[in-house]
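We use all heavy atoms of the structure for the numbers below, so side chains are in, but hydrogens, waters and symmetry mates are not.
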Amino acid sequence: MTDRHHLIVHGGTFAAVDDRGDIRDIGGAVGARHGEPPEGMFVRDARHLSRWQLTVDGTVPETLVPVADTDRTRCVLVPRGGGQEPPAYTVFREQAVGECSFVEVLRLTGNRAAPTEVRLAVTVDADFADQFELRADHRTYVKTGAVRSRHVLDDGVEFAYRRGVWRSTTTVTAEPAPDAVEETGTGARRLVWTRELAPYGSAEVTLRVLARPHGEGRALRVPRSPAALRRRHRARADEFTHGVAFPADWPELGAACARGLVDLAALQVPARGPDGEDLSVPAAGAPWFLTLLGRDALLTSLFLLPYRARPAAATLLALAAAQATGVHGESVAQPGKIVHEVRHGELAHFGQVPFRRYYGSVDATPLFLVLLGAYVERTGDTRTARRLEPHARAAVDWMLEHGGLTSRGYLVHRADRGGPANQNWKDSPDAICAADGTRPSGPVTAAGAQGYAYDALRRTAHLARAVWADEVYATLLEQTAADLRDRFQHDFWMRERSFPALALDAEGRQLDALASDAGHLLWSGLLDKEYGETVGRRLLEADFFSGWGVRTLAAGQPAFHPLSSHRGSVWPHDNALIVLGLARYGLHDEARTVTRALVEAAGATGDRLPEVLAGYARDTHGEPVPAPYAGGRESRSAAAPLALLTAVGG
């Protein structure tokens, strides 16, 4: 059995299938134990197909051509047998996903001069599992009163799930209709056809899946074929790529940008604005985060802004609509705070996980202000700036009051029992540490977030003066930013190492790990010119720069591990911010060096940057090594080549 998984993604829907195009995750989380996606078709955090398995003449066919990692899946299968006689027929599969839908065409082609009878069967099931149930974290969730049911249709079968007010369905139909729908004894149903293939003839079956998640009231229709979906996807991708000038003198960078834009077109998910208007915003990524994450959507929109302004506008409006207005301990909400994560699944609905609207992020709120300022500067859209003025002021108030700028001098976060241990972008439990690996306890002051706060204050001051006509407020914000900058360089700068600390602990002591977050300070402009140039050049030394990018933690420190999520791996979006920062401080040769490394890493994987790479040195590992926990599609990585293009002169 194969352990490979292939993602096909469009909007808020994705499917993860194996090399044969099958979904065989029978009652469990196949693949999730290694951080890989469980197989299935997912919509709004729920698995609407948990089994989709083809058999021909009672056996699983052999793979002749496996599924490739493309935007749709195609594979070629043959019946099992020996090498003495060529296979009697060949099976061609093509699959695609659309909004709440999955479509497959099965084509059987006879290979003999005599008629051939073939028994075709597809076993299907829908367990409606919440994604949080499928993670390899050993947690279990009680679902009292949950009921699953199946109903045979003239042309297929419908699966239904209810738990109190929660209702979901998955409908599977076929053309032509199956000859029979059989029970399997496991809850799954088997759709069966018997087809007579004429000499060298063919037969075709089209299967369509419509997922209707809880709360979906629209009149949804399943496209007729994968080809119809492909045309829709191509039109959406053309909207993202149209008019973008790719660099003629650096075609590899242009190819990475084009690949990223196509991926971003597929990663747009629905959201609502402050007045209930429909929006389309960048999801964080598939498989685990095909939803709105504040930090991810903000950085993705910032990278895209010079080329596509609409995602930035939509992201700002969606996050303004979800901005906290009161205090709620379980969701870590505080007035003015920008949401970290929005979930639509069953467990979030019933409060069994805190992520329906979860605010556990120290940096989404300043990044919201950074994007608003950058968006208005880029587009001149003062109407949006005026519309979002109350939201921007509330975000500033959060930074000053609940965030800690006034009382502690910095934005401060602490571990949340129900959410991430760290609430900056390096959110894994061991990410914030000293060089020897020691982890702090209590409140943490992460360096990167202070840079975002500085930039947010300055950009909002400009809006206050130029758009809101509030000179007093602008002056206050500028002074607050200047004080933050002076304070930071005094408290964070490690003179003996000529580098800023990764963070301060609860007592204000420096956590002395040498980390890539220093590059974010260049992007934000928090360091003065001399310090900034020193940091920028230091990031290109061999312990930091792997040859494929800048490591999250410099090698040689006891805390370093090349496969650790945030202690030595290479994240493309992290590097994109670093490259923008290098360019800001005039370190253009260094910016091009990092850009070239990332572009070559993308070229090794079909022009697509993965979410994260291992931190192995290029001179000893001639090919980029993907990290074992890397996501299949990630919006920040998809947008990173556009940020590189901006930094190196696009």
Side chains of [X] and [Y] in contact at under 4.5 Å (non-hydrogen atoms):
X: F92; Y: R74; value: no
X: P176; Y: R195; value: yes
X: F240; Y: Q268; value: yes
X: D130; Y: Q352; value: no
X: L207; Y: L106; value: yes
X: V205; Y: W193; value: yes
X: R190; Y: V122; value: no
X: L613; Y: P624; value: yes

Whether [Y] and [X] form a salt bridge (side-chain N of Lys/Arg under 4.0 Å from carboxylate O of Asp/Glu) is what I want to check.
X: E133; Y: K143; answer: yes
X: R47; Y: D127; answer: yes
X: E104; Y: R93; answer: yes
X: E341; Y: R343; answer: yes
X: E611; Y: R633; answer: no
X: E85; Y: R112; answer: yes
X: E330; Y: R357; answer: no
X: R234; Y: D238; answer: no
X: E94; Y: R107; answer: no

Side-chain donor/acceptor of [X] to backbone N/O of [Y], under 3.5 Å:
X: H214; Y: R167; value: yes
X: S564; Y: G568; value: no
X: R212; Y: R218; value: yes
X: S635; Y: G285; value: no
X: T291; Y: V342; value: yes
X: D125; Y: R51; value: no
X: R189; Y: H151; value: no
X: D18; Y: R20; value: yes
X: T315; Y: P311; value: yes
X: R163; Y: E346; value: no

Just by distance, no angles: are the side chains of [X] and [Y] close enough, under 3.5 Å, to form a donor-acceptor pair?
X: T90; Y: N111; value: yes
X: Y89; Y: D57; value: yes
X: R24; Y: S50; value: no
X: S565; Y: S428; value: no
X: H10; Y: T13; value: no
X: E158; Y: T171; value: yes
X: H6; Y: D19; value: yes
X: R636; Y: H573; value: yes

Fill in: W425 and W571 aromatic ring geometry - parallel, tilted or perpendicular at 30°/60° bounds
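Perpendicular: the ring planes of W571 and W425 meet at over 60°.
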Worksheet item: In terms of ring plane angle, is the pair H349 and W166 parallel, tilted or perpendicular, where the classes change at 30° and 60°?
Response: tilted
Fill in: F42/H48 aromatic ring centres below 6.0 Å
no
Worksheet item: Below 6.0 angstrom between ring centroids: does that apply to F132 and F355?
Response: yes
How long is the span from the [atom1] atom in [X] to the [atom2] atom in [Y], to the nearest 0.5 Å?
X: L347; Y: R139; atom1: CG; atom2: CZ; value: 11.0 Å
X: L298; Y: L319; atom1: CG; atom2: CG; value: 5.0 Å
X: R224; Y: T206; atom1: CZ; atom2: OG1; value: 7.5 Å

Worksheet item: Can you tell which of L191, T55, L108, D179 makes a side-chain contact (heavy atoms from CB on, under 4.5 Å) with L120?
Response: L108
Worksheet item: Do the numbers put R150 on top of the ring of Y161, so that NZ or CZ is under 6.0 Å from the six-membered ring centre and no more than 45° off the axis?
Response: no
